[in-house]
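Have a look at the structure below, then the notes.
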Amino acid sequence: MSLAVLPAAPDARLRLGLRAGLGLFILLLAVMPLLNLLPVSHPLHVSDFLVSITGKWICYAILALSLDLAWGYAGILSLGHGAFFALGGYAMGMHLMRLIGPRGSYGHPILPDFMVFLGYQELPWYWLGFDSFPFAMLMVLLVPGTLALVVGWLSFRSRITGVYLSILTQAMTFALMLAFFRNDMGFGGNNGFTDFKELLGQPLNTTAMRSGLFYASLLALVLSFLLCLRITRSKYGRVLTAIRDAESRVRFLGYDTTRHKLFAFVLSAMLAGVAGALYVPQVGIINPGEFSPANSIEAVIWVAVGGRGTLVGAVLGAFTVNGLKTWLTSAAPDLWLFVLGGLFVLVTLFLPKGLIGLAKGRTK
Amino acid sequence: MSGGRRLYLDGVSVVFDGFRALNNLSLIVEPGELRSVIGPNGAGKTTMMDVITGKTRPTQGTVNFGEIDLTRMDEAGIANLGIGRKFQKPTMFDALTVFENMELALKAPRGPIACLRWKLTGGARAQIEQTLEEIGLQERAQDLAGILSHGQRQWLEIGMLLMQDPELLLVDEPVAGMTDAETEQTAALLVRIAGRRSVVVVEHDLEFVRALGRRVTVLCDGSVLSEGSIDHVQNDPRVIEVYLGR
């Protein structure tokens, strides 16, 4: 009796093709900062604008990956993933604010400008430690992770799923936005943080630093992708898929689905936090607008357009939709929201598996 | 099965909004026994399964498995105790292959980290392949569960139960919608399984219950109406009145 023993890969060729395509794409991204160094007149010159906006998109792609892990695999449709991204960004922002030191407009040796302006006498306790890079990086992971742990534990254990969980996460990001708008929260209120000077002893406004952040983001994207790949191809990934499709059945198999979902949700929130932390020094500002519910919904659309539950699709969707957004918001700014909404409707109705599904259909 | 535990239900009642789905139900299933449970619609068969598996809490009464009080445990805990359940409607993971479905069901550490680190060993693979052969699905191992026929889905579900190495198997309407040949194969499969484990089969199909040829319990209005061999219950006037005579 001979049995085919390896788990099947019905569309192995397509998968290989997609991986190769992604590899090529990463390579293309990797040479962008180098091409930027060429003289402006050179045909292969890449503009500063394109490099900096691509750096942002790379961070969005990490956010999309984190959302795909939660939604595409575990079936947790979070409409508040932007909150984890923003919290990671705020943790990084606090570090950058502390590094400004006496170079602020008010010249206070420790307090950031907005605190001097608001009449703070000393640093609030929750700002302590953020002058240390390792501590700030730890917070980039721990703050979003802890929020996901609390929100996830409360909802998963009460068996809140589907649309109710989506509404709950949306309310979470909205509540955080309102809270961060308040001046007395100690996070700069409406204006958030900006005027960053340096990171790791290097000034932020140099070409070398910009390239460094670009490559750090690219590396983070590659590592996140490999981590998600490792997770989704393990038995744990198959448990998540099973939970997505028939949670109570998984429970009857003896799996504590609350723990499994929580693990995925917390990991996903941490990845989103990393994306936010890499985003902030590149754009030079973080404010409560990052918590806006629309941001989280946009992230869901990236994943839906690319094709959820495929990882490659999340990355593809983040770049495609953001590319479209950048082009359209300058070409026809009033149209963008309609296009975004229309895109979501179209994908939901005609392309449930997104752009990746389109490619699958063609290979068959 | 080492020793084996008996399933013991005594005076179990379940009340939903004033409706008594189970009414003072008592039932004992000995280790290794194959028991059929029949009864008209609404007799409480599925509610009885729900109570044993922890999906529904009894309003009153005792539900023990060996020395363990099942009414104090949740579904996952009861499943890990060695009580497996096959639902009326086969539920499996259509996006995974038959083999992967079996692998998820295989008795192994269930935590996220353990699953992340899991490697399919030769022993585990052999165990899965052996069970696939037992349920007649070895040829379909690499197919997605979503494309199996109705009968094959029922067998896969039974196979997934067997992977958990249960002491007690609850099987809800295994042959509904099956062809005659499939029904026969299913009866043979369940008879093979019993002995090493206790099996409780809930079924409408009397021919099938006859093919199983073991002790039969008739439920009606949430309690036991009659119990004994298939010939005994078929000749019981009360059973004829409420169920068979219709």
Flag side-chain contact, heavy atom, 4.5 Å: [X] against [Y]:
| X | Y | result |
| --- | --- | --- |
| M160(B) | L253(A) | yes |
| H260(A) | C115(B) | yes |
| K55(B) | F252(A) | yes |
| L116(B) | I231(A) | yes |

Let me know if [X] has heavy atoms under 4.5 Å from chain A in its side chain, its backbone, both or neither.
| X | value |
| --- | --- |
| A114(B) | neither |
| I113(B) | side chain |
| L104(B) | both |

Counterpart residues, salt bridge (Lys or Arg N to Asp or Glu O under 4.0 Å), relative to R230(A) (two or more places apart):
none

What's the separation between atom CZ in F93(B) and atom CZ in R244(A), rounded to the nearest 0.5 Å?
11.5 Å

Measuring from atom CZ of R238(A) to atom OG1 of T97(B), what distance do you get when rounded to the nearest 0.5 angstrom?
7.5 Å

Take atom [atom1] of [X] as the centre, draw a 6.0 Å sphere, and report whether it contains more than 12 heavy atoms from other residues, nucleotides or ligands.
| X | atom1 | value |
| --- | --- | --- |
| E184(B) | CD | no |
| R117(B) | CZ | no |
| R72(B) | CZ | no |
| W153(A) | CH2 | no |

Below 4.5 Å, heavy-atom pairs only: which of M163(B), K119(B), Q164(B) has the largest tally toward chain A?
Q164(B)

N-O pairing of E157(B) and R249(A) below 4.0 Å:
yes

Are the charged groups of E100(B) and K235(A) less than 4.0 angstrom apart, N to O?
no

Side chain from CB out, backbone as N, CA, C, O: work out which of these in R233(A) comes under 4.5 Å of a heavy atom of chain B, or both, or neither.
neither

Taking side chain as everything from C-beta outward and backbone as N, CA, C, O, which of these in F263(A) sits under 4.5 Å from a heavy atom of chain B? Side chain, backbone, both or neither.
side chain

Given the rule in the side chain to side chain contact (heavy atoms under 4.5 Å, CB included) test, do R110(B) and R259(A) qualify, once you have shown the distances and angles that lead to the verdict?
CA-CA 10 Å; R110(B) 293 295 203 224; R259(A) 259 178 73 201; over 6 Å; no

